[in-house]
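Encoded as structure tokens, the structure appears first; notes follow it.
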Amino acid sequence: MKVMTVFGTRPEAIKMAPLVKALKKDPYFETIVCVTAQHREMLDQVLDLFNIKPDYDLNVMKKGQTLSMITSDVIEGLDKVLNEAKPDIVLVHGDTTTSFAAALSAFYHQIPVGHVEAGLRTFDKYSPYPEEMNRQMTGRLSDIHFSPTIRNKENLLRENVAEEKIYITGNTVIDALLEVANTKYDFDGELGSVLSSGKKLISVTCHRRENLGEYMANIFQALADIAKEYKDVEIVYPVHLNPLVRDAADKYLGGLDNVHLIEPLTYQPFTKLLQASYLVVTDSGGIQEEAPALGKPVLVVRKETERPEAVEAGTVKLSGVERKNIYNDIKDLLDNKQSYDKMANAVNPYGDGKASERILKALKEFSIGK
């Protein structure tokens, strides 16, 4: 079975890497890797970490690129690749513009599409934007769906996806995380000093488009409030490259002794940062799955999450985007050991690190069924 994986951003690459490696080890599959490089530098870092060499590289990233530019460049670039490679199936991941454009391109070529991390929903097409519609449209174009959880499967069933086309696999991000968490990595410089200080460490990620402006200001002000009140706490924030995010971070968090605004980390040191953290404050998606696998409570600074099973399991709390609520939730985890232990010890609903194995088994069933 000739399987082409297509991905283009750092989060996609992290989550597809263990699947690519599993495909390459199994002689049943001929594996083709195509990257779009929607994110160039951050993508390459993950490819190097997992030792993946693409067969095709569309290299679409441009300065000031828009969603329309990415979509059209991926479709046009894949047109040539699919004509040449002629895969039996194209696998895409999650909710990026690369995933939607690749699924559409495969459809144009009448090639089946497999959707890894299928069925996540907020049912608000502008939150997260553009991810919610990317994953919904990718889902409509897909022939086989690999859902991390039962909730994701139920979402697809409500959208009239045939049950026999849906497989519950867990999330491949746990496969990647557990592999990297077992490696050795030593921090030096400022971050090395922070991690060896013995103080409680709060890790932060914040970059969502829908949080830019007032909401991001609220988030950063709440973190600043915590930093000023708790001198035994260190806050580490690898700041996203978006200039609007950087300006806001500098405005509200710059100059605080126990807040460390650092450059973005590659996946291995970021995983090690999560391991060293006391708790995590994030508006990211994957971290809602990753941090609980390491026993770290997660506060999600968004108005909603497409990962409600994490909230139900107790590994994640939706803190919203209001300054007071965020501050109160962080304070509760710092002061209340019972609240902290309840989240830290909750069972992660996103799997056991064997999602890639389950996806390979499903692909074989799909191949035989055809």
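Computed over heavy atoms, backbone and side chain alike; hydrogens, waters and symmetry mates excluded. Values in this document were obtained by computation on a predicted structure and should not be read as measured data.
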A quick test of your reading: do over 12 heavy atoms of other residues, nucleotides or ligands sit less than 6.0 Å from OH of Tyr215? no

Lys272 charged N/C atom sitting above Phe187 aromatic ring, 6.0 Å / 45°: no

Inspect the contact between Glu163 and Lys153 and indicate whether a charged nitrogen and a carboxylate oxygen are less than 4.0 angstrom apart. yes

Transitively linked via ILVMFWY side-chain contacts under 4.5 Å: Ile359 with Phe29? yes

Whether Tyr237 and Phe220 hold their rings parallel, tilted or perpendicular, with breakpoints at 30° and 60°: tilted

May I have the step-by-step check of side chain to side chain donor-acceptor pair (under 3.5 Å) for Asn336 and Ser339, ending in yes or no? CA-CA 5 Å; Asn336 188 331; Ser339 295; 3.3 Å; yes

Between His260 (side chain only) and Ile235 (backbone N and O only), is there a donor and an acceptor less than 3.5 Å apart? no

Just by distance, no angles: are the side chains of Glu309 and Tyr350 close enough, under 3.5 Å, to form a donor-acceptor pair? yes

Can you tell me if Ser319 uses its side chain to pair, donor with acceptor, with the backbone of Val301 under 3.5 Å? no

When rounded to the nearest 0.5 Å, the distance separating CZ of Arg323 from CG of Asn328 is 11.5 Å

How long is the gap from CD on Glu12 to CD1 on Ile14, to the nearest 0.5 Å? 10.5 Å

For Lys331, is there an ion pair with Glu229 - N to carboxylate O distance below 4.0 angstrom? yes

Same cluster for Met1 and Leu82 if Ile/Leu/Val/Met/Phe/Trp/Tyr side chains link at under 4.5 Å? no

Please round to the nearest 0.5 Å and tell me the distance separating atom OG1 of Thr266 and atom CD of Glu41. 10.5 Å

Strictly below 4.0 Å, N to O, side chains only: are Asp175 and Arg358 in salt-bridge contact? no

If only atom types and distance count, is the side chain of Thr172 paired as donor or acceptor with the main-chain N or O of Lys15 below 3.5 Å? yes

So, Ser367 side chain and Leu363 main chain: donor-acceptor pair closer than 3.5 Å or not? no

Determine whether the side chains of Asn59 and Arg40 contain a donor N or O and an acceptor N or O closer than 3.5 Å. yes

Salt bridge (charged side-chain N to carboxylate O under 4.0 Å, His left out) partner of Arg121, the single match among Glu154, Glu159, Glu131, Glu306: Glu159

Answer yes if the side chains of Lys53 and Asn51 hold a donor-acceptor pair under 3.5 Å, and no otherwise. yes

Examine distances only and state if a side-chain atom of Lys296 and a backbone atom of Ser277 form a donor-acceptor pair shorter than 3.5 Å. yes

Honestly curious: do Leu201 and Val281 fall in one hydrophobic cluster under the side-chain, below-4.5 Å linking rule? no

Show every side chain to side chain donor-acceptor pair (under 3.5 Å) that has at least one partner inside residues 241-258, sequence neighbours left out. Arg246-Glu263

Distance alone, cut at 3.5 Å: any donor-acceptor contact between the side chains of Thr9 and Thr96? no

Asp73 with Lys62: basic N within carboxylate O range, under 4.0 Å: yes

Please answer: with hydrophobic residues joined when any side-chain heavy atoms are less than 4.5 Å apart, are Leu360 and Ile168 in the same cluster? no

Supply the atom-to-atom distance Thr97 OG1 to Met137 CE, rounded to the nearest 0.5 angstrom. 8.5 Å

State which residue, out of Asn171, Val311, Thr315, fulfils the side-chain contact (heavy atoms from CB on, under 4.5 Å) condition with Pro349. Thr315

Test item: side-chain donor near acceptor, Gln268 and Thr183, under 3.5 Å: yes

Hey, what do you get for CG (Asn348) to CD (Glu289), rounding to the nearest 0.5 Å? 8.0 Å

Does a sphere of radius 6.0 Å around CD1 in Ile150 hold more than 12 heavy atoms from other residues, nucleotides or ligands, not counting ones at 6.0 Å or beyond? no

Please confirm whether the backbone N or O of Gly119 pairs with a side-chain atom of Asn155, one donor and one acceptor, at under 3.5 Å? yes

Relative to the ring of Tyr126, is the ring of Tyr129 parallel (under 30°), tilted (30 to 60°) or perpendicular (over 60°)? tilted

Parallel, tilted or perpendicular, judged at 30° and 60°: which one describes the rings of Tyr167 and Phe146? tilted

Going by atom types only, do Thr122 and Glu304 share a side-chain donor-acceptor pair under 3.5 Å? no

Are any non-hydrogen side-chain atoms of Phe7 and Val20 less than 4.5 angstrom apart? yes

Are there over 12 heavy-atom neighbours, none belonging to Lys324, within less than 6.0 Å of that residue's NZ? no

Between Glu132 and Arg208, does any NZ, NE, NH1 or NH2 come within less than 4.0 Å of an OD or OE carboxylate oxygen? no

Going by atom types alone, do Asp44 and His39 pair a side-chain donor with an acceptor below 3.5 Å? no

How long is the span from the OG1 atom in Thr205 to the CG atom in Asp283, to the nearest 0.5 Å? 5.5 Å

